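The block underneath contains the structure these notes are about, expressed in structure tokens.
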Amino acid sequence: MRRSETWKASRRNVLKGAGVAAAGVSLLPAGIALAQGTAPSAAKGPKLLEMEGKAKLIVLGDKPLNAETPAEMTDDDVTPTDKFFIRNNGLVPDAPADAKAWKIKIDGEVDKPMDITLGNLMSRFPNVSYKMMLECGGNGRSFFSPEARGNQWTNGGAGCAEWTGVRLADVLKAAGVKPSAVYTGHYGADPHLSGDTSKPSISRGVPIAKAMEPHTLIVFKMNGKDLPLIHGGPVRLIVPGWAGSSSTKWLTRIWVRDKQHDGPGMGGFSYRLAKTPIVPGSKGDEKDTVILEAMPVRAVISFPADGAKLASKKLDLRGHAWAGENEVKTVDISTDYGVTWKPAKVDAPPNKYAWQRFTASVDLPSAGYYEVWAKATDSKGVTQPFVAGNWNPQGYGGNPINRIRVLIAS
Ligand SMILES: Nc1nc2c(c(=O)[nH]1)N[C@H]1C(S)=C(S)[C@@H](COP(=O)(O)O)O[C@H]1N2
Ligand SMILES: [Mo]
């Protein structure tokens, strides 16, 4: 049995403990966090998703629906569709009666604007499949102190599925990209939260170079099956390695722009980082922000579960690590609160933008309480900080070292 017994009275209590995140990452020592977890208000625990075809993900919000994958549910090399996180900004549109007749418009800075059906798209352009990360820009937000605005993702706003589709570059080349093209603007069919269908719930885009990258796909299959409605079916974009918000679900239009796109989700503090560090908790100035593009380096332990009670001092640790545009070079493990580190074994990714499995054999010196920390370093030498740094009002880029707690039976 892969899942380990949980020794805490209730893991949920810990999840809900005042500002204490699931993986125990907090400014407080974990022992204190556990004690706080017994607060009466915490007794209810997180709400778990009840949806056909989906596992019991942790619901972060109902309207719009947002749900994250608990770390111990991320142990698969390819994230099964039922375990994949959900992030919506608006409402879920109705499923079309005929998926193949779904239309996508390509217009703006192209020689031959087109309206192409999904059926045509599938047959006209080469179909390709890659295992690629999709990660919400807000993943890790809960680790910021003071709290940043938005869904309090721990590390579960990320997954690596196998996506099948056509290259956006092939479609744009067929439309003839003009030299004036600098950015894309993406639109989906989901109604705004208000129910107003004339107002996009979100409309982001990417620089034309990222749109033309051979891994940026218009996708119609997830893990070999028709893309489910909740994940943007029948057709969506996957812009791998970058904030998930540009991977538009229910894709209806790609507007090729002669300037940076300015749809909802491009301005204000949305998907933006502070250009120069600002005081945590301060208001900040929109003018001093830059667009969040690639996601930062992160390792997440998938086995054992946080709070596992283990019989042996020797544990076989597993997890995944990824790094936006870059490859993960090393993952290091510490069992003494970051004083000493030992390298884990890191597998090569099956293709660019896939997460990488790491494994480590950890020998703990005695029975009792331990924390196991995992830290990834990417091909550029960039590693994870001990705490979420570079605070910004909407909490992007929070990627502190991953921590789990284990209790070794005596
Ligand atoms: N049309 C549309 N596309 C969207 C969104 C949305 O609200 N509407 N959410 C985006 C965000 S913020 C993320 S992180 C991913 C989540 O995709 P998933 O729900 O399949 O995990 O979809 C992106 N695409
Ligand atoms: Mo997102």
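These numbers come from a predicted model, not from an experiment. Each residue takes its place number in the sequence, starting with 1. Note that ligands are numbered from 1 as they come in the structure, with each ligand's atoms numbered from 1 the same way.
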Checklist entry - Near Phe84, which atoms of ligand 1 are under 4.0 Å from a heavy atom of that residue? => result 21 (O)
Item to check | Any side-chain donor near an acceptor of the partner, Asp196 and Ser194, under 3.5 Å | outcome: no
Next on the checklist: Taking 4.0 angstrom as the limit and counting only heavy atoms of Ser247, give me the atoms of ligand 1 inside it, by number and element.
Outcome noted: 22 (O), 23 (C), 24 (N)
Checklist entry - Is the closest side-chain donor-acceptor distance between Trp322 and Glu135 under 3.5 Å? => result yes
Item to check | Atoms of ligand 1, numbered as shown, that sit under 4.0 Å from any heavy atom of Asn88 | outcome: 7 (O)
Checklist entry - Would one find an N or O of Phe85, backbone or side chain, under 3.5 Å from an N or O of ligand 1? => result yes
Checklist entry - Which atoms from ligand 1 have a heavy atom of Cys136 less than 4.0 Å away? => result 14 (S)
Item to check | More than 12 heavy atoms of other groups within 6.0 Å of Asp82 CG | outcome: yes
Item to check | Under 4.0 Å to a heavy atom of Thr248 - the qualifying atoms of ligand 1, by number | outcome: 1 (N), 3 (N), 24 (N)
Checklist outcome for this item: So for Leu251 against ligand 1, with non-hydrogen atoms under 4.0 Å, the contacting part is neither
Next on the checklist: Do Arg257 and Tyr183 form a cation-pi contact, if we require the NZ or CZ to be under 6.0 Å from the six-membered ring centre and within 45 degrees of the ring's axis?
Outcome noted: no
Checklist outcome for this item: Closest to atom 23 (C) of ligand 1 among protein heavy atoms sits Gly244 O, 3.2 Å
Checklist entry - On the ring face of Trp355, is Arg357 found with NZ or CZ under 6.0 Å from the centre and within 45° of the axis? => result no
Next on the checklist: Suppose I only count heavy atoms of His231 and a 4.0 Å limit; which atoms of ligand 1 are within that range?
Outcome noted: 18 (P), 19 (O), 20 (O), 21 (O)
Checklist entry - Heavy atoms only: which of Asn89, Asp190, Asn151, Leu91 is nearest to atom 9 (N) of ligand 1? => result Asn89
Checklist entry - Is there at least one pair of N or O atoms, one from Tyr271 and one from ligand 1, spaced under 3.5 Å apart? => result no
Item to check | Protein residue, atom and distance nearest to atom 10 (C) of ligand 1, heavy-atom basis | outcome: Ser245 CA, 3.7 Å
Checklist entry - Taking the six-membered ring where the residue is Trp, are the ring centres of Tyr130 and Tyr353 under 6.0 Å apart? => result no
Next on the checklist: If the test is salt bridge (Lys or Arg N to Asp or Glu O under 4.0 Å), which one of Asp347, Asp76, Asp75, Asp77 qualifies with Arg318?
Outcome noted: Asp75
Checklist entry - Where does Arg236 meet ligand 1, judged by heavy-atom distances below 4.0 Å: at the side chain, the backbone, both, or neither? => result side chain
Checklist entry - For the atom pair CH2 (Trp163) and CG (Leu237), what is the distance rounded to the nearest 0.5 Å? => result 11.5 Å
Checklist entry - Do any nitrogen or oxygen atoms of Lys249 come within less than 3.5 Å of a nitrogen or oxygen of ligand 1? => result yes
Checklist entry - Aromatic ring centroids of Phe84 and His231 under 6.0 Å? => result yes
